[in-house]
Amino acid sequence: VQDELGVGIIRDAMSNRIFPGFSTLYTRAKYFFITPYILLDIDTKKKRKQSNTDYFRKAEIEANKVVIEFYENNPDRMGESYFGKDKKDGQLKRQPSEIYWNGITTLHLVDTNGTLDQLLRDRRSTMEELLSNNRGDDVTREQGERDGRNAAFVSYSADWLDEIRRNGLTLNAIEADTLRDRLKQYTPDGLPAALVFNSRLWDLYKAAATASKADKSMDNPMIHFIKSAYSDIENEELRKNLIAAHDMSLFLYGPHIAYNIRLWSKAGASKDFINQHRDEG
């Protein structure tokens, strides 16, 4: 990815503060759980001579196929996002595990500081470093009170793949509760946590997104959201970061116009066209 203005590192740092553990490539929250589920399956379903890596890769491809098949068989839900719409065999260029790994570890759904490949190669323990680990969140504690021995298996069920066959990528109640609690515990200063716990903010966020679709002249719906929502944000760190992101976005508008004008000039664009955009900048 080119960074002609040299601001990419600042943009990425700001994004990581506001959306910790999230990426624009993310599509569905269910993918946060599929990777941990496959890792948990290794202990009971892997063949003795099969490597952890080989088992995981084949299991993920199978999961992709199940997801693709569900949406192909349910045309009323084909509008939902999922990986593999144009790749029926499940062998994607970038697998969901790779795309979601940062978010999975940021939210401690897999409790490791390493890469997935390192975990698959070096993994010696079983449940304690995975989704099932009792990290003290509310859903873990509640389930632990009901059944202490099985508290380590929060949200995990051996038939998780069959659930996808039945319901697609819809989160079940325990998964939703787990994700909510991990957002609160590990990314309390991030916007996703604020949107989950503040219905007013969520309404404003949706309104900004809807307005941007209706009004094509709205260049940046995030700026629209920040303007309307910053006074309702209780978290001081998040409010400070959002204001900084707002100001940086406005500041960079001018340099982007100037850069484009230079490109248009070299490409032989008309003076009227260039002057029009120069006036806008």
Side-chain angles (χ1 to χ4, degrees), residues 1 8-9 11-43 45-46 50-68 81-85 87 90-135 137 140 153-156 160-161 164 169 171 174-176 178-193 196:
V1 178
I9 189 170
R11 178 201 60 219
D12 293 345
M14 189 69 67
S15 176
N16 289 335
R17 287 189 175 189
I18 297 174
F19 297 96
F22 281 75
S23 164
T24 55
L25 298 177
Y26 290 0
T27 57
R28 302 293 299 279
K30 189 78 168 184
Y31 286 112
F32 279 108
F33 294 92
I34 292 177
T35 292
Y37 290 164
I38 297 174
L39 289 169
L40 290 168
D41 279 346
I42 288 176
D43 298 310
K45 298 181 180 180
K46 180 176 71 74
Q50 190 177 26
S51 70
N52 291 339
T53 299
D54 185 49
Y55 174 85
F56 184 93
R57 301 307 177 200
K58 290 181 179 179
E60 184 167 32
I61 289 172
E62 177 61 25
N64 292 339
K65 289 180 181 178
V66 170
V67 170
I68 294 167
S81 297
Y82 64 94
F83 293 115
K85 285 187 178 183
K87 193 72 172 176
Q91 300 191 48
L92 313 180
K93 288 184 178 179
R94 291 190 67 190
Q95 294 288 10
S97 59
E98 177 189 355
I99 295 171
Y100 276 78
W101 186 248
N102 179 52
I104 289 169
T105 55
T106 297
L107 297 177
H108 291 260
L109 295 170
V110 173
D111 194 15
T112 179
N113 294 321
T115 66
L116 176 59
D117 286 338
Q118 289 172 333
L119 181 62
L120 290 169
R121 288 196 307 267
D122 303 336
R123 187 164 172 256
R124 297 182 179 86
S125 53
T126 55
M127 300 298 177
E128 61 266 26
E129 82 275 28
L130 302 178
L131 167 69
S132 55
N133 190 14
N134 188 334
R135 305 292 300 184
D137 53 42
T140 303
F153 294 84
V154 164
S155 92
Y156 170 76
W160 62 270
L161 196 55
I164 294 177
L169 292 174
L171 290 178
I174 294 180
E175 289 168 340
T178 299
L179 196 57
R180 176 202 65 197
D181 290 338
R182 299 299 169 95
L183 285 170
K184 181 180 180 180
Q185 183 173 0
Y186 294 108
T187 61
D189 298 330
L191 182 57
V196 167

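In this chain, residues are counted from 1 in sequence order.
With rounding to the nearest 0.5 Å, the separation of CZ in Arg180 from CG in Leu107 is 13.5 Å. To the nearest 0.5 Å, atom CD of residue Gln91 and atom CG of residue Asn64 are 9.5 Å apart. Atom CD1 of residue Ile34 and atom CD of residue Gln95 lie 11.0 Å apart, to the nearest 0.5 angstrom. Expressed to the nearest 0.5 Å, how far CG of Leu116 lies from CZ of Phe56 amounts to 4.5 Å. Rounding to the nearest 0.5 Å places CZ of Arg121 at 7.0 Å from OG1 of Thr53. Note that CG of Asn102 is 8.5 Å distant from OG of Ser23, once rounded to the nearest 0.5 Å.
With sequence neighbours left out, Asn16 forms a side chain to side chain contact (heavy atoms under 4.5 Å, CB included) with no residue at all. Partners of Thr187 according to the side-chain hydrogen bond (donor to acceptor under 3.5 Å, both in side chains) rule, which considers only residues two or more places apart in sequence or in another chain, do not exist here. For Asp117, the side-chain hydrogen bond (donor to acceptor under 3.5 Å, both in side chains) test picks out Arg57, with sequence neighbours left out. Scanning for ring pair (Phe, Tyr, Trp, His ring centres under 6.0 Å) contacts around Tyr31 gives Phe83, Tyr100, with sequence neighbours left out. Listed by chain and residue number, Thr27, Arg28 satisfy the side chain to side chain contact (heavy atoms under 4.5 Å, CB included) test with Ser81 (two or more places apart in sequence, or in another chain). Considering only residues two or more places apart in sequence or on other chains, Trp101 meets the ring pair (Phe, Tyr, Trp, His ring centres under 6.0 Å) condition with none of them.
Using a 4.5 Å heavy-atom cutoff, the side chains of Asn52 and Lys46 are in contact. Side chains of Thr112 and Thr105 form a contact here, defined as non-hydrogen atoms less than 4.5 Å apart. Looking at heavy atoms from C-beta onward, Thr115 lies in side-chain contact with Gln118 at the 4.5 angstrom threshold. Using a 4.5 Å heavy-atom threshold, the side chains of Phe33 and Thr178 count as touching. Counting heavy atoms from C-beta outward, Val196 and Lys184 have side chains that stay 4.5 Å or more apart. Taking the side chain as every heavy atom from C-beta outward, Leu25 and Arg94 approach each other to under 4.5 Å.
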(Q) Under the criterion ring pair (Phe, Tyr, Trp, His ring centres under 6.0 Å), I'd like the reasoning laid out for Phe32 against Tyr37: C-alpha separation, chi angles, the key distance, then a yes or no. (A) CA-CA 10 Å; Phe32 279 108; Tyr37 290 164; over 10 Å; no
Q | Evaluation steps, side-chain contact (heavy atoms from CB on, under 4.5 Å), between Arg182 and Leu109 | A | CA-CA 8 Å; Arg182 299 299 169 95; Leu109 295 170; 4.0 Å; yes
Q: Evaluate the side-chain contact (heavy atoms from CB on, under 4.5 Å) criterion for residues Leu161 and Glu62: first the C-alpha distance (whole Å), next the side-chain angles of each, then the deciding distance (0.1 Å), finally the verdict.
A: CA-CA 9 Å; Leu161 196 55; Glu62 177 61 25; 4.2 Å; yes
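The two atoms that bring Ile99 and Tyr26 nearest to each other are O-CE1, 3.2 Å, heavy atoms only. Across all non-hydrogen atoms, the minimal contact from Gly84 to Ile68 is O-CD1, 3.4 Å. Residue Lys45 comes nearest to Tyr55 through the heavy atom pair CB-OH, 3.5 Å, listed as atom of the first residue, atom of the second, then distance. Between Lys58 and Gln50, the shortest heavy-atom contact is CD-NE2, 4.0 Å. Across every non-hydrogen atom of Pro192 and Ile18, the tightest pair is CD-O, 3.4 Å. Across all their heavy atoms, Ala176 and Leu171 have their closest contact at CA-CD1, 4.1 Å.
With no hydrogens or angles considered, no side-chain donor-acceptor pair links Gln185 and Asp181 at under 3.5 Å.
For Glu60 (side chain) and Thr35 (main-chain N/O), no donor-acceptor pair under 3.5 Å exists by modelled atom type.
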